[in-house]
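As a basis for the values below, the full set of heavy atoms in this structure was taken, side chains included, without hydrogen atoms, waters or symmetry mates.
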Amino acid sequence: ADVQESVREMAVTNVVAMVQQLQPDEAARLFGTFSDNLQTDRASTIRLLKAQNFVSLALAMHPARPLRDQTAAYLQLLVQDGDLEVRTAASKNLEAFCARLDGVTLQSQILPVLSEICQPPPPGEISPNQPVREHVAENICSLASVLGREATLNELMRLLKMFMSDE
């Protein structure tokens, strides 16, 4: 099983490289379903590769399709994946993903999830999502340019205060 998984990892790595070389419609036709299926693969290493390359895959295959159409898939990797390493990899793409969204999508779909991630753990405990929380804390101010002044003051300041209340 481990040998087969490593072969599949190499295949995914090659697909990521190949889609960068193809025209978007050709990449989507040849690898779109394959790329979508990586999201729910049984092997966490395959989902990890998807999380690490999420934005580049989405942009290479669907440049005309708004990235907001991929928000649910991104959030699944960021919040719902059972493997912390996958969630952490997705969190490292937060800035790149959100920079390509519109303010409405960011406010309605991303910020509520980030609010959950920002919740401090109970006193004396460490969040099981600590690496994810660290990357969100590191990148949260990068969302300001998409949100605009009012939403930044209202929403991002609230999230930053949550991080500041960690014990």
Side-chain angles (χ1 to χ4, degrees), residues 1-119 126-140 142-143 145-147 159:
D2 288 341
V3 173
Q4 182 58 27
E5 190 172 312
S6 65
V7 169
R8 291 173 59 230
E9 287 175 39
M10 287 183 256
V12 171
T13 301
N14 283 309
V15 166
V16 170
M18 288 175 66
V19 298
Q20 305 298 324
Q21 305 303 316
L22 299 172
Q23 292 297 318
D25 58 337
E26 187 177 30
R29 182 176 48 79
L30 294 172
F31 298 112
T33 301
F34 173 82
S35 177
D36 291 345
N37 290 339
L38 296 177
Q39 186 97 12
T40 56
D41 196 276
R42 70 185 186 295
S44 63
T45 55
I46 302 298
R47 295 190 317 274
L48 175 64
L49 288 169
K50 170 74 178 216
Q52 291 170 333
N53 296 288
F54 190 90
V55 174
S56 62
L57 282 170
L59 293 175
M61 287 193 265
H62 309 290
R65 182 171 144 194
L67 208 51
R68 71 174 172 265
D69 293 350
Q70 298 284 327
T71 301
Y74 175 74
L75 291 176
Q76 179 184 358
L77 291 169
L78 179 67
V79 180
Q80 297 172 351
D81 194 275
D83 190 278
L84 177 60
E85 196 172 3
V86 172
R87 295 190 311 271
T88 302
S91 70
K92 291 178 181 179
N93 272 318
L94 180 68
E95 180 178 4
F97 183 77
C98 291
R100 291 165 174 85
L101 294 177
D102 58 271
V104 172
T105 302
L106 189 56
Q107 279 190 278
S108 65
Q109 296 181 41
I110 302 290
L111 288 181
V113 171
L114 295 183
S115 183
E116 290 175 28
I117 291 171
C118 292
Q119 292 294 325
I126 295 177
S127 169
N129 275 326
Q130 192 60 28
V132 175
R133 295 180 81 241
E134 290 171 9
H135 288 289
V136 170
E138 180 181 346
N139 290 293
I140 202 154
S142 66
L143 309 181
S145 63
V146 177
L147 285 173
L159 298 179

**Report entry** 4.5 Å side-chain heavy-atom contact, N53 and L38
**Finding:** no
Query raised in the report: Is there a donor-acceptor contact under 3.5 Å from the side chain of Y74 to the main chain of L94?
Result: yes
**Report entry** Spacing of OG1 belonging to T40 relative to CD1 belonging to I46, to within rounding of 0.5 Å
**Finding:** 11.5 Å
Requested in this report: Begin from the C-alpha positions of L49 and V16 and carry the test side-chain contact (heavy atoms from CB on, under 4.5 Å) through to its verdict.
Outcome: CA-CA 9 Å; L49 288 169; V16 170; 6.0 Å; no
Requested in this report: Check Q20 against A60 and note the closest heavy-atom contact, atom names and distance.
Outcome: NE2-CB, 4.0 Å
Report task. Answer yes or no: is there a side-chain heavy-atom contact under 4.5 Å between L159 and V136? Result -> no
Query raised in the report: Taking side chain as C-beta onward, heavy atoms only, is D41 less than 4.5 Å from V12?
Result: no
Query raised in the report: Minimum heavy-atom separation for A43 to R8, with atom names?
Result: CB-NH1, 4.1 Å
Requested in this report: Evaluate salt bridge (Lys or Arg N to Asp or Glu O under 4.0 Å) for D81 paired with R47, printing each intermediate quantity in order.
Outcome: CA-CA 9 Å; D81 194 275; R47 295 190 317 274; 2.5 Å; yes
Query raised in the report: So, for C98 and I110, which heavy atoms are closest and what is the spacing to 0.1 Å?
Result: SG-CG2, 3.9 Å
Report summary line: d(F97 CZ, L78 CG) to nearest 0.5 Å is 9.5 Å
Query raised in the report: Mind checking whether L57 and S35 have side chains closer than 4.5 Å, heavy atoms only?
Result: yes
Query raised in the report: What closest approach, in Å, do R133 and C118 show between heavy atoms, and which atom pair accounts for it?
Result: NH2-O, 3.0 Å
Requested in this report: Measure the CZ-OG distance between R87 and S44 for me, rounded to the nearest 0.5 Å.
Outcome: 11.0 Å
Query - K50 NZ to Q39 CD distance, which is reported to the nearest 0.5 Å - result: 5.0 Å
Requested in this report: Rounded to the nearest 0.5 Å, what's the gap from CE on M18 to CD on Q21? Could you check?
Outcome: 9.5 Å
Requested in this report: Can you measure from NE2 (H135) to CG (N129) and round to the nearest 0.5 angstrom?
Outcome: 11.5 Å
Query - Nearest non-hydrogen partners of P128 and P131, listed with the distance - result: O-CD, 4.5 Å
Requested in this report: Assess the side chains of E5 and T45: does a donor N or O sit below 3.5 Å from an acceptor N or O?
Outcome: yes
Query raised in the report: Do N139 and S142 have a side chain donor and acceptor closer than 3.5 Å?
Result: no
Query raised in the report: If we only count heavy atoms from C-beta on, is the D83 to L48 side-chain gap below 4.5 Å?
Result: no
Report summary line: Taking every heavy atom of A89 against every heavy atom of Q52, the minimum-distance pair comes out as CB-CG, 3.8 Å
Query raised in the report: Taking S115 for the side chain and L111 for the main chain, is one N or O donor matched with an acceptor at less than 3.5 Å?
Result: no
